[in-house]
Amino acid sequence: MPKALSAFGMAWGPTMADESQRKPVKIGVKEGGGPPPGYKWNVEILEQAFAEAMGFLNADQYCHLASQFRELAGQDEASQSQTVDVRPIEDFYELRDKGGILRRMNTRIFFFIHKKMRTIVILGAIKKENDGATPMGDKITMRRRKRLYLQADSR
C-alpha cells in the first residue's frame, strides 16, 4: 500500500530513522473534526505526494496549500469550492494555485475523492513550468498511484 503522511500538522511525520514504525496511512483531517461544524471528509496524503510537495515548497507555502484542503474537507462536495480552484482531470482532480505566498510558482496538487470512504486522497504535487494542459506524464503517474491505492484499499 502506498504510504501516507499527515497533511496538516507542523510535525510532518516520522524521520527516516522511524521509517519501520510508520503506519501505511495517517489521517490529515478526520471527518467530524476541526472547527464547528466539523469536516465532512477525511484527507490522506500519499508519501510520494508529500515528498514531491516538500521538494519545491517551504513550510509556509505547504501550510497555505494544506489550508485549501481543509476548506475542501468542509464542503458537501469535496470537488467544489467558491474559494479553491479545483479542476477535473480524467477521474481525479487538480487543485491549482499561483501567486500570493507561492509568489510566481504555479502549483498543481492532484487528488481523487474516495466517496465510499469519505476521503480526499492526495496523489501528487508538481510545480508547473509550462503553459497549457497538465503534462501527460503527470497524468499517467497520478492514474497509477490512484490504481495502486485502490488495490491496496480493497484487500
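This is a predicted model, so every value here is computed, not measured.
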Spacing of [atom1] belonging to [X] relative to [atom2] belonging to [Y], to within rounding of 0.5 Å:
| X | Y | atom1 | atom2 | result |
| --- | --- | --- | --- | --- |
| Tyr62 | Leu57 | OH | CG | 9.0 Å |
| Gln61 | Met54 | CD | CE | 9.0 Å |
| Arg147 | Met142 | CZ | CE | 14.0 Å |
| Arg96 | Thr134 | CZ | OG1 | 7.5 Å |
| Ile120 | His114 | CD1 | NE2 | 13.0 Å |

*From CA spacing to verdict: side chain to side chain donor-acceptor pair (under 3.5 Å), Gln75, Glu71*: CA-CA 7 Å; Gln75 303 297 314; Glu71 170 72 22; 2.9 Å; yes

Single-linkage hydrophobic cluster, 4.5 Å side-chain cutoff, [X] and [Y] together:
| X | Y | answer |
| --- | --- | --- |
| Met117 | Trp41 | no |
| Leu123 | Leu150 | yes |
| Ile109 | Ile101 | yes |

Nearest heavy-atom pair of [X] and [Y]: which atoms, and what distance?
| X | Y | answer |
| --- | --- | --- |
| Phe111 | Ile122 | CB-CA, 3.9 Å |
| Pro135 | Ile126 | CD-CD1, 4.5 Å |
| Leu72 | Ser81 | CD2-CB, 3.8 Å |
| Ala73 | Val43 | CB-CG2, 3.9 Å |
| Phe110 | Ala125 | CD1-N, 4.4 Å |

_Could you go through Leu65 and Gln68, starting from their C-alpha distance and side-chain angles, then the distance that decides it, and tell me whether this counts as side chain to side chain contact (heavy atoms under 4.5 Å, CB included)?_
CA-CA 5 Å; Leu65 291 168; Gln68 293 188 33; 4.1 Å; yes

_Contact between Asp91 and Lys146 at the side-chain level, heavy atoms closer than 4.5 Å - yes or no?_
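Side-chain contact under 4.5 Å: yes.
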
*Do the non-hydrogen side-chain atoms of Val121 and Phe92 ever get within less than 4.5 Å of each other?*
no

*Can you run down the salt bridge (charged side-chain N to carboxylate O under 4.0 Å, His left out) pairs that involve residues 99-108, sequence neighbours left out, and say none if there aren't any?*
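Every pair satisfying salt bridge (charged side-chain N to carboxylate O under 4.0 Å, His left out) with a residue in residues 99-108: Glu94-Arg108.
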
*Do side-chain atoms of Lys139 reach the backbone of Glu90 as a donor and acceptor pair under 3.5 angstrom?*
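Between the backbone of Glu90 and the side chain of Lys139 there is no qualifying donor-acceptor contact (under 3.5 Å).
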
*Should the ring pair Tyr149 and Phe112 be called parallel, tilted or perpendicular, given that the plane angle runs from 0 to 90° and is split at 30 and 60?*
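Geometry flag for Phe112 against Tyr149: perpendicular rings.
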
*Considering only NZ, NE, NH1 and NH2 on the basic side and carboxylate oxygens on the acidic side, decide whether Asp138 and Lys128 come within less than 4.0 Å.*
no

*Could you check His64 against Asp97 for side chain to side chain contact (heavy atoms under 4.5 Å, CB included), going step by step and ending with a plain yes or no?*
CA-CA 10 Å; His64 166 73; Asp97 201 1; 2.6 Å; yes

